[in-house]
Amino acid sequence: MNGIADIAHSIQAAIDQRGRTSLLLLAPILLFKTIFFVIPFFILVRMSLHETDQSGAYNPGVTLDSYVDILSSSFIHGIMAYTFRTAIVVTIVTLLVSIPYAHAAWRADGMTKNVLLLTVVVSLLTTLVVKMYAWVVLLSPIGVVSQAVNRFTGADQVQLLNNEFAVVVGIVYMVAPYAILAIYSVLVSIDEDLIDAALDLGASRPRAFYEVVLPNAVPGIAVATVLAFTWSIGAYAAPVLLGSSSERTFAVQVEEYVISQFNWPHGAALSVIIVVIVFVSLLAFFAFIGRRDVGGEMF
Amino acid sequence: MNERTIESASAPSQLECRNLGKAYGDIQAVEDFSLEIEEGELFCLLGPSGCGKSTTLQMLAGLEQPTSGSVYMAGNDVTYTPAYDRDTSMVFQSWALFPQMTVLENAAFGLKMDGVDRETRREKSLEMLEMVEMADYHDKSVTELSGGQKQRVALARSLVLQPSVLLLDEPLSNLDKQLREAMQIELNAIHDELDQTMVYVTHDQDEAFTLADRIGIMNHGELVQSGPPREVYDEPANRFVEEFLGDTNMVSGELARTNGTDCVVETDLGSSVTVSKAANGAAPGDTVALSIRPEKIAVAEENAATDRDGDLSVVGEVVHRLYRGSMVRYFVEVNGEEIFFERRIGEDLGLSPGTTVRIEYEKDEINAFDGQGELI
């Protein structure tokens, strides 16, 4: 699982094997990606190299000033640290929620299975902003969740909104359905005989899960990890709606640069930095996953 | 309690099922299944798809819970003992090898679960892989193996645990014919060498006859008959067993008269035949079905003198000739009914469609069944 290298390799293999047919089949997606992703990204890179201008969005020119400013600012360092910490917490929480949920949906049958899966899909049908405002309602001091926590803990007034907790809850709620479906889709492809075989050979149920299910679910868990991590690095809505001024992520800062400060080169430069950081993190992650064996060691 | 005491006077069977049943909602998959299997025995459970044989095996493995009845191993009730605490091991139809592990890791899995130390499990697994001729492949990923090789690894993975009973669920059904036959011989050899008690589920009667010390035939969730291969073939309990164990001609007729030891049957072939069987409850006038095995039909010229008293002897016209590999199957139309028989391909009878022949069948070879399909 070497990620990009593998993908490139398989595309190359496909082209070698079926030549022009597969190129033709790839054409629409390549065209789409070029127009809506590659070209805009180059425009973004170009923008990050322009000079900043006090009276306008930018001054044409070529300079690395924006990068130097951003990378040397301790304020931005703080935002980076915060964003990364949040992304890691969100990723861990998402996996802790998604793996058992996907596993339950996989093992359940009949009505239970349908309800579990439908619940996930239905939450995908609601738009992001609505979902975030729903959490505002739930977590606000007069909301159901806060009231319940007050009642049970005897606390005077618990603060659940406008803090890091609310931000993590919000992002996890956005990502979890995708993570669950990614893991579920891999679990259903596992031959159920494998679990029977493990039980038959003396593995208890938890042991069979650890030795057989988990290693086979790695691709799905990897996808879920990537989804959760990249999504929370780029999170905007949750920090803005559920956080406070101290829950400031990259995306919030980009908005600040572009809209409030009208400093497009800084906004563009920070965006490019985010893209590079995410890309490097993913490569490191894939390298890690590729080398590591999950499940117990045999010898 | 008393029953148990009396039985334990003789050594308890390696495996025993008593009135085992499994219902899925309204569907009764297995019903009233009782069987004893002795140590070292190779028992084949044979039946058509959906007859409940695999479900029965799963209950023996502890992977399915019976809804009635019980399972004993060496006299101990293991009905509700989970699979991982049970001294059985299963070879699955799909082989169920762990794809992320090597051949050796697969073979060592059970030993690892049993808490055997690294060195010993390596040694024992290699030894067992050696036995199934897969030791050279121990470092390979199981996904790189052919079907036959996977099958061997699956076998080694189970055998290395030295289970009291090895359960095999159609392990050869995914292999081609040649490989399947070679594996049958090897399985027999392994069975002899290890004196391993085995319960082998298959839908292939040839396989069952090749392997089994004893065959149990299942239909609609029930064990219809069990016994040594020759016995079930020659003395089927009912028409289902007769038809399932091999192609046969079923000819219907009417019971004309009976004298207590023989029955005379007027067949639809336009000739009567004396069946050397007591009527067994069937009365004159009852409809009966006669099974005429194709391999036991004799062929003579149309006008050949018949001194075969009471045997079936009828004249008909060859209508088809079908080449089936090493055998030729001839279809003869007799009085509007079609009868087929087979000869080896080298044994040229010079019969082409249109030829008229006399076909004869010994009365002692005939099995007759009453209207309910029970053997007369």
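These numbers come from the heavy atoms of this one structure, side chains and all, not from hydrogens, waters or symmetry mates. Just so we're on the same page: letters track the sequence lines, and every chain starts at 1.
Between Asn216(A) and Pro99(B), some side-chain heavy-atom pair lies under the 4.5 Å cut-off.
Between Leu201(A) and Met113(B), the shortest heavy-atom distance links the atoms O-CB, 3.6 Å. Contact detail for Arg205(A) and Tyr84(B): the closest heavy-atom pair is N-CE2, 4.4 Å.
Using a 4.5 Å cut-off between heavy atoms, Phe92(B) contacts chain A through its side chain alone, with no backbone atom that close. In this structure, chain B has no heavy atom under 4.5 Å from any part of Ala208(A). Only the side chain of Gln58(B) comes within less than 4.5 Å of a heavy atom of chain A; its backbone N, CA, C and O stay farther away.
Here the CD-CD distance, from Glu105(B) to Glu211(A), works out to 10.0 Å after rounding to the nearest 0.5 Å. With values rounded to the nearest 0.5 angstrom, Asp196(A) atom CG is found 8.0 Å from Glu64(B) atom CD. Residue Asp191(A) holds its CG atom at 10.0 Å from CG of Leu97(B), rounded to the nearest 0.5 Å. Rounded to the nearest 0.5 Å, atoms CE (Met90(B)) and CG (Asp193(A)) are 7.5 Å apart. Atom CD of Gln100(B) is separated from atom CG of Leu194(A) by 8.0 Å, given to the nearest 0.5 angstrom.
Ranked by heavy-atom pairs under 4.5 Å with chain A, the first of Gly62(B), Pro163(B), Ser94(B) is Ser94(B). Counting heavy-atom pairs closer than 4.5 Å to chain A, the top-ranked of the candidates Ser89(B), Ala61(B), Pro82(B) is Ser89(B).
By a heavy-atom distance cut of under 4.5 Å, not one residue of residues 88-125 of chain A is near chain B. Residues of residues 132-156 of chain B placed with any heavy atom under 4.5 Å of a heavy atom in chain A are absent; none qualify.
By the neighbour-count criterion of 12 heavy atoms within 6.0 Å, atom CZ of Phe32(A) is sparsely surrounded, having that number or fewer from other residues, nucleotides or ligands.
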